[in-house]
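Here the structure comes first, spelled out in structure tokens, and everything after it is commentary.
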Amino acid sequence: MARSRTPLAAVVLAAGKGTRMKSRTAKVLHEIGGRPLAWYPVKRALDAGASPVVVVVGYQAEAVEAALVASLPGAPLRFAVQERQLGTAHAVLAARRALRGYDGPVSILSGDVPLLETETLLRVVRARGRARAPLAFATMALAEPRGYGRVVRDAGGRPARIAEEKDASEAERAIREVNAGLYCADATFLWKALARVGSDNAQEEFYLTDLVAMAARRDGAIAVDVPPEEASGVNDREELARAAKVLLRRRARALMRSGVTIEDPERFDCDEGVEVGPDTVVEPGVRLLGRTRVGAGCRLGAGVVLRDTVIAHQVTVRPYTVVEEATVASRAILGPFSRVRPGSEIGEEAHVGNFVETKKAVLGKGAKANHLAYLGDATVGAGANIGAGTITCNYDGEKKHPTRIGAGAFVGSDSILVAPLEIGDGAYVGAGSVITKAVPAGALALGRAQQVTKEGWVAERAAKKQMKMGRRAG
Ligand code: UD1
Ligand code: CA
């Protein structure tokens with residue numbers, strides 16, 4: 001990532017409630033791509049080399065802080081609380097203490113602008129540095145500028161001030177160049193100017209945008225044109241979905257460039273930070289969530305959902321398989337329709353087939369459970385074969401108990417394995433058994449009712465029936 005060589009600090013404004021979300025949850029906590037909205041501008045500022053990044057929090061301050069700290073462990077984050085949301089200038093002022101002693105450039109971002117790219121942020125930072133101006137700010141040309149502050153330029157074409165929508169004259173409202181809400185200011189100028197911002201305006205708020213007029217009266221405010229796609233904010237759920245789509249498209253593009261085949265990028269979902277190796281083929285409808293990592297040369301079938309899962313190389317995950325908090329080793333084959341639950345470790349070349357559910361199950365190399373089974377709290381040795389319909393009864397209503405199945409063991413179909421239980425290496429369990437006691441290595445265990453066979457029974461029954469009918473008729 002192209003970091004700035006000069007020192008840089010950042011302030012991310014995230015104190016507002018976000019009324020238009022119609023939510024009990026603060027807007028910046030709503031997730032897209034598996035991360036809270038505010039994660040994006042904070043991460044872009046960090047990627048630009050900003051240190052510290054001060055996040056101004058207010059509404060649900062503790063939750064916002066907790067979410068950011070959890071998703072950016074070790075990052076140089078600081079938090080400043082703005083008790084009442086009296087405007088964007090007031091919000092930046094709340095960060096002053098957290099930046100005491102720092103006198104370099106400060107970039108200011110909105111917590112609800114997730115599509116901003118690091119390079120764009122750096123362009124604004126560099127533009128200010130090059131011009132040695134007190135302030136640079138991002139602008140964009142919009143066909144429909146409603147809601148944004150308009151950029152009013154002087155006779156010489158230099159930015160003179162920002163007119164907020166509610167304060168703008170009719171002529172000003174016709175201006176299509178708007179304030180994108182991304183700034184870089186010299187710290188000394190910033191704190192001095194903020195102290196002079198008043199609230200004599202239509203909204204009786206302290207507008208950060210007043211800084212443009214103040215800078216213009218001194219050494220100038222530099223306007224940097226940025227792509228509207230990056231600077232549009234998220235104010236309601238529709239914009240949230242739209243932003244999620246844009247981020248997703250970017251991630252899909254990056255994966256495809258790195259050698260991943262995505263058969264239909266429009267029907268692909270992938271959280272921020274998910275990794276996929278080259279030559280992996282992703283069929284339509286796949287969702288890769290959380291901290292998922294997929295190796296090279298894999299195939300992920302239609303409708304596969306992987307969450308917090310690590311998949312090695314050349315693994316085949318057939319359609320409609322759901323894997324959560326699990327690991328899968330090379331060349332294993334899962335699905336179709338398998339459910340691999342938390343704590344499962346599927347070994348190399350192991351097979352987990354249709355309607356097989358595993359939970360905290362460790363399958364050794366080449367172990368197979370191909371059909372209709374439940375393996376919970378179980379260890380299955382290398383090469384063991386688990387027959388169709390096998391169930392580990394791991395729960396007695398109070399506690400979970402383990403089942404250990406040795407290498408090369410063969411468990412016949414429809415067996416009930418009552419845990420705690422140990423089945424030795426190479427042992428056999430006859431189909432339909434209920435096994436409650438340990439089976440030593442190499443033994444055969446049968447735990448089922450003896451079969452009763454009555455030769456000629458059908459013919460006998462038919463003869464009896466006929467006799468009865470004869471008596472009745474006679
Ligand atoms: C602001 C700009 C406007 C610009 C637009 C771009 C001002 C006065 N106007 O308007 O010129 O076109 O952004 O998106 O700055 N916030 C706080 N505390 C507050 C107020 C706001 O933390 O007291 C946060 C909000 O949570 C939000 C960000 O600052 O993340 C922007 O505030 P918002 O009220 O959305 O400003 P806009 O009206 O969009
Ligand atoms: Ca806004």
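Counting starts at 1 for both ligands and their atoms, in listed order. It should be emphasised that the depicted structure is a prediction, and the values quoted were computed from it without experimental measurement. Because only heavy atoms are used, hydrogens play no part in the values below, and waters and symmetry mates are left out as well, while side chains stay in.
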Any heavy atom of Glu205 under 4.0 Å from ligand 1? The part involved is neither

Ranking Gly87, Gly58, Ala80, Ala91 by closest non-hydrogen atom to atom 20 (C) of ligand 1, top hit is Gly87

Note: ligand 1 atoms sitting under 4.0 Å from heavy atoms of Glu164 are 2 (C), 3 (C), 7 (C), 8 (C), 9 (N), 11 (O)

Under 4.0 Å from ligand 1, counting heavy atoms only, is it the side chain of Leu86, its backbone, both or neither? backbone

Name the option, out of Val92, Thr88, Leu208, Leu182, that contains the heavy atom nearest to atom 7 (C) of ligand 1. Thr88

Give the atoms of ligand 1, by number and element, whose distance to some non-hydrogen atom of Thr209 is under 4.0 Å. 7 (C), 8 (C), 9 (N), 11 (O), 15 (O)

Nearest non-hydrogen partners of Pro114 and Leu247, listed with the distance: O-CD2, 4.1 Å

Show the numbers, then the answer: is there a salt bridge (Lys or Arg N to Asp or Glu O under 4.0 Å) between Arg307 and Glu325? CA-CA 6 Å; Arg307 185 174 62 75; Glu325 293 174 42; 3.5 Å; yes

Please confirm whether Val56 approaches ligand 1 to less than 4.0 Å, judged on its heavy atoms. no

Should one rank Tyr183, Tyr148, Phe206 by closest heavy-atom distance to atom 14 (O) of ligand 1, which comes out on top? Tyr148

Do you know which two heavy atoms are closest between Pro284 and Glu263, and how far apart they sit? CD-OE1, 3.3 Å

Give yes or no for whether the N/O distance cutoff of 3.5 Å, strictly under, is met between Gly147 and ligand 1. no

For atom 25 (C) of ligand 1, which of Gly149, Ala163, Gly16 has the closest heavy atom? Gly16

Looking only at atom types and distance, does a side-chain atom of Thr392 sit under 3.5 Å from a main-chain N or O of Tyr374, one as donor and one as acceptor? yes

Counting neighbours of CG on Asp200 that are heavy atoms of other residues, nucleotides or ligands and sit closer than 6.0 Å, is the number greater than 12? no

Can you check which of Val197, Asp167, Asn179 brings a heavy atom nearest to atom 6 (C) of ligand 1? Asn179

Minimal non-hydrogen separation, Ala45 against Leu121, with atom names: CA-CD2, 3.7 Å

Is there a polar contact between ligand 1 and Ser110, counting only N or O atoms under 3.5 Å apart? no

May I ask you to identify, for Ala14, whether its side chain, its backbone, both or neither come under 4.0 Å of ligand 1 on a heavy-atom basis? backbone

I'd like to check which ligand 1 atoms, numbered from 1 as shown, lie under 4.0 Å from a non-hydrogen atom of Gln85. 18 (N), 19 (C), 23 (O)

Do other residues, nucleotides or ligands put more than 12 heavy atoms under 6.0 Å from Lys359 NZ? yes

Please state which part of Ala89 comes within less than 4.0 Å of ligand 1, counting heavy atoms only: side chain, backbone, both or neither. neither

Just checking Arg176: does its CZ atom have more than 12 heavy atoms from other residues, nucleotides or ligands closer to it than 6.0 angstrom? no

Hey, does Gly233 sit under 4.0 Å from ligand 1 if you only count heavy atoms? no

Could you report the tightest heavy-atom contact between Pro159 and Val151, atom names first, then the distance? CB-CG1, 4.4 Å

Salt bridge present between Arg242 and Glu238 (N-O < 4.0 angstrom): yes

How does His90 reach ligand 1, by side chain, by backbone, by both or by neither, if only non-hydrogen atoms under 4.0 Å count? neither

Shortest non-hydrogen separation from Ala252 to Pro265 and the atoms involved: CB-CB, 4.4 Å

Please list, in number order, the atoms of ligand 1 under 4.0 Å from a heavy atom of Gly111. 30 (O)

